[in-house]
J.: 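What follows is a structure written as structure tokens; I'll ask about it next.
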Amino acid sequence: MSTEDRPPAPRSLAEALRARGDASLGALLRSRPDLITPVPTDLTQLATRAGTRASVVRALERLDRFALQTAEALAVAADPATYGELLGLMAGDDADPAVVAALPHALDGLREQALVWGDDDRLRLVRTARELLAPSPQHPSPTGLGPTVQEATAGMSPGRIQEIVTAAGLASTHDSVSAVTALAGLFTDRTRMAALLADAPADSLDVLERLVWGPPYGQVTADPAPRLRWLLDRGLLLPTAPGTVVLPREVALHLRRGLAHRTPEPVPPAVETAAVHRPQVVDSAAAGQAYTALATVEELLKDWDEGGPAVLRAGGLSVRDLKRTAVALDVPEPVAAFWVELAYAAGLIASDGEADERYAATPAYDEWRELPAAERWSRLVTAWLAATRTAGLVGGRDAKDRTLSALGPGLDRSAAPEVRHRVLALLAGLPEGAAPAAGSVLARLRWERPLRGDRREDDLRGRLAEWTLSEAEQLGVTGRGALSAQGRALLGAPAAPAPGPEAEPSGPGDKLPVHHHHRPAPLTALSPAEQAVASAAAARLLAPLLPEPLDHVLLQADLTAVAPGPLRRPLADMLGVLADVESKGGATVYRFTPGSVRRALDAGQAASDLHAFLTAHSRTPVPQPLAYLIDDVARRHGHLRVGAASAYVRCDDDAVLSEILADKRAAGLGLRRLAPTVLAAQADPAGLLEGLRAMGFAPAAESAEGDVLITRALAHRTPPRTAPEPVPDGPPVPDDTLLAAALRAIRAGDLASTTPRKPGTAPAAGGELPRTGAAETLATMQAAVLTGEALWIGYVNAEGAASQRVVAPIRVEGGFVTAYDHTADEVRTYPLHRITGVAELADDAG
């Protein structure tokens, strides 16, 4: 294209945006959705919003390391800069080929996000980004570069500047501006600078070496040493404040051979493989973890079935209740916090909202229990993927130095879902059965979203990634560190890449130094409908790997029962009442005790019912010691009767009551004999029952009519509750419908604001709506209907929002005008009284 045919260079970001096509503008709005919240009226407003500090900071935080390094290089380059100057800063004098190859893509990305605009011969970093990234004494640049010679000498006396120019071997000038220009020209001339530094003392060069990669500032005394004096005399160090000197940017770049960064990173670090397992081993291990996860959540909810721990006044679980839950689940406290938070995120537990507020299972838990095991698992992992509540923070401190508690406030981190998805996507990019080295995953994430400035102190994304790897293993999304088939389906990921010859393990679990330098295609987050399909596919893959529930146990002579696998729900529920769990694992061991048998009798079971139950569900004969235990407890069960007097005890055997009265352990019950077979007590019936059971008796409660009460535990449920909504990480990415509507409105609003008007019809102040009287507005509209011309109007809607539009009137009647509205790209009808004014467009307006 010839110079005459080339379109004029944009003079502002708004003009650069105006030159873009809809696809390019759509990509900008997708990458920076805050720009259309709300939809800008035109491209000038869009450009203004793209330059605000909050929006620019958010955009910079989402750059990868090389794109951020490119922006940082532009911040220390001339404004505007050429592509050649930028390439020199990024690739150095040696022109690193990797940087040369990657720079165009990085620059295109910065342009797409409206952080950089202009052609290659006039590249401009958005002013707010330059202010954020340019070096200053208060905010050093990540490049380690200091101010330019011009900036550093701004407050220096003209005489001192002339002395420096002369000492540097340059001719003196008549003014400071030309002197500073000559000095900067010397420092940017590789040949002359090499000659100047060739005469420098060795210890002076050591000083420069210490400052060259930053920080560029140093301290000097009132009487500098000779090695510093030599540098100060020649401007190689310049004073910035009393006792402080700085290495000028031009000098540092010469010493760095042109590089703005010590280590440009154009290529993302590889995710390394730490171990390779057979895919079948991975899937089996993951399925085992999935089964354990389901059992753990069920055990947690069973523990809270009659009402869980109390809710703290500030919200959440107390430290004591979390410890008790950890003991009940036989896991460390951080793991217990994870399971509690997961059940909460899945909507299975919530606060009951009573005056004495407690946590309890929700009605959704009962529905969840009835689902097949694989579907229950998919519900849990889907909730985990989307949750912003972060269990790893439990036990830490918030900004006000308050302890963060499980189920309490302050645990939401909006970045958590994105980090979880990205970590699993990196695992999906490895060959099937390959487990990554955790350090390489963290290094990759830090390259994709590098930490800036003070945020380096809090590597939240790194901690989220570590927690993701651990939680994915506990949930069975991964097995032995590798992504399982069901985990891959959960992400909607394609089939894994085939491992190369070097990735073949010589044995299960062998660690191999396998490197994957390819950049896997990024997996985008799924929509709710797509996630539901992916979760169903994951459940189908997991279902055959989970053990089938059994309908039998193995009774043993030592009063134990062994369940060789998961039990069907009716059997498991009944056995949980009749016996105590002694150990868990692949086979669960239950132990029968007098207390557990009495618990079954209290729940309304007769001794004959228990014998029949054990006979029906045992693959081995019922051992005689177990039969004797049941009969013995049943014979004594209900021998004593407890009722309400405040409470009383009655028994046909007065010798038993005499034994109770004589027992010192009964002192706290306030017992006295009312009759040979009746004792009265100060304690309430429940306390009296517990006291007598602690003394070794087996009392039964009775009603006012004298019938034995069945004390069956009642499940406590909250009212219907919805699962907690994730906290969004900024505005949502617009869908195609919203994006098309926003682009149409912005384009039309821009047309309305930039279309030329006929002389004398445009408002005096730019941006104001046209103002005309009602009669003139009506006459102009009627004339436009006859001529078919388009008009520029100001319009105020029913909510009072003002806008300007370009319309082509079709019909005017009854106080309304029907016109083709270019803003909405459709025919609309407007009340004439809401039109502020009208102006004719210039004849050459297109």
Side-chain angles (χ1 to χ4, degrees), residues 51 53 56-57 59-61 63 65-82 85-92 99 103 106-107 110 115-116 123-156 164 180-181 183-188 193 207-220 231-232 235-265 450-457:
R53 183 181 179 87
V56 170
V57 167
L60 291 175
E61 288 178 346
L63 296 178
R65 179 159 294 161
F66 188 64
L68 184 58
Q69 286 181 329
T70 303
E72 291 164 352
L74 275 173
V76 297
D79 186 25
T82 66
E85 292 168 350
L86 175 62
L87 180 61
L89 289 170
M90 293 299 295
V99 173
L103 186 59
L107 186 58
L110 293 174
L115 294 171
V116 172
L123 294 171
R124 289 185 182 274
L125 190 64
V126 171
R127 180 169 52 187
T128 307
R130 177 174 286 273
E131 292 170 356
L132 289 168
L133 299 177
S136 68
Q138 296 77 24
H139 302 287
S141 169
T143 62
L145 293 169
T148 62
V149 172
Q150 182 179 357
E151 293 167 345
T153 58
M156 193 176 292
I164 291 174
V180 170
T181 302
L183 191 62
L186 168 64
F187 291 163
T188 54
M193 265 297 280
V207 173
L208 295 179
E209 188 64 29
R210 289 199 297 270
L211 298 177
V212 64
W213 291 108
Y217 294 91
Q219 302 296 319
V220 296
L231 298 170
L232 288 165
L236 297 172
L237 290 180
L238 292 171
T240 59
T244 303
V245 294
V246 68
L247 181 68
R249 189 181 305 171
E250 294 87 346
V251 177
L253 287 173
H254 172 81
L255 296 171
R256 297 176 176 199
R257 298 187 56 77
L259 282 173
H261 298 86
R262 173 176 282 187
T263 310
E265 298 183 57
L451 299 172
R452 292 181 52 246
D454 297 337
R455 295 175 61 248
R456 296 177 189 273
E457 300 296 326

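Note that this is a predicted model, so its numbers are computed, not measured.
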J.: Please report the interatomic distance CE(Met193) to CG(Leu255), rounded to the nearest 0.5 Å.
T.: 6.0 Å
J.: Just verifying a value: how many Å separate Met156 CE and Thr240 OG1, rounded to the nearest 0.5 Å?
T.: 9.5 Å
J.: Under 3.5 Å, side chain of Arg249 to main-chain N/O of Pro147, donor-acceptor pair present?
T.: no
J.: For residues Thr244 and Val220, report the shortest heavy-atom separation together with the two atoms involved.
T.: N-CG2, 4.4 Å
J.: Looking at Pro248 and Leu236, what are the two nearest heavy atoms and their distance?
T.: CD-O, 3.1 Å
J.: Is it the case that the side chain of Thr82 and the backbone of Glu85 share a donor-acceptor pair, with hydrogens and angles ignored and the cut-off at 3.5 Å?
T.: yes
J.: To the closest 0.5 Å, what do you measure between CG (Leu211) and CG (Leu237)?
T.: 6.5 Å
J.: Determine the minimum heavy-atom distance between Gln69 and His261, stating which atoms define it.
T.: O-CE1, 3.0 Å
J.: Minimum heavy-atom separation for Thr153 and Gln150, please, with both atom names.
T.: OG1-O, 3.4 Å
J.: Just how far is it from atom CG of Leu86 to atom CG of Leu74, taken to the nearest 0.5 Å?
T.: 4.5 Å
J.: Rounded to the nearest 0.5 Å, how far apart are CD of Glu72 and CG of Leu133?
T.: 6.0 Å
J.: Please report the closest heavy-atom contact between Tyr217 and Ser136, naming both atoms and the distance.
T.: OH-C, 4.2 Å
J.: What are the two closest non-hydrogen atoms of Pro239 and Leu232, and how far apart are they?
T.: CD-CD2, 4.5 Å
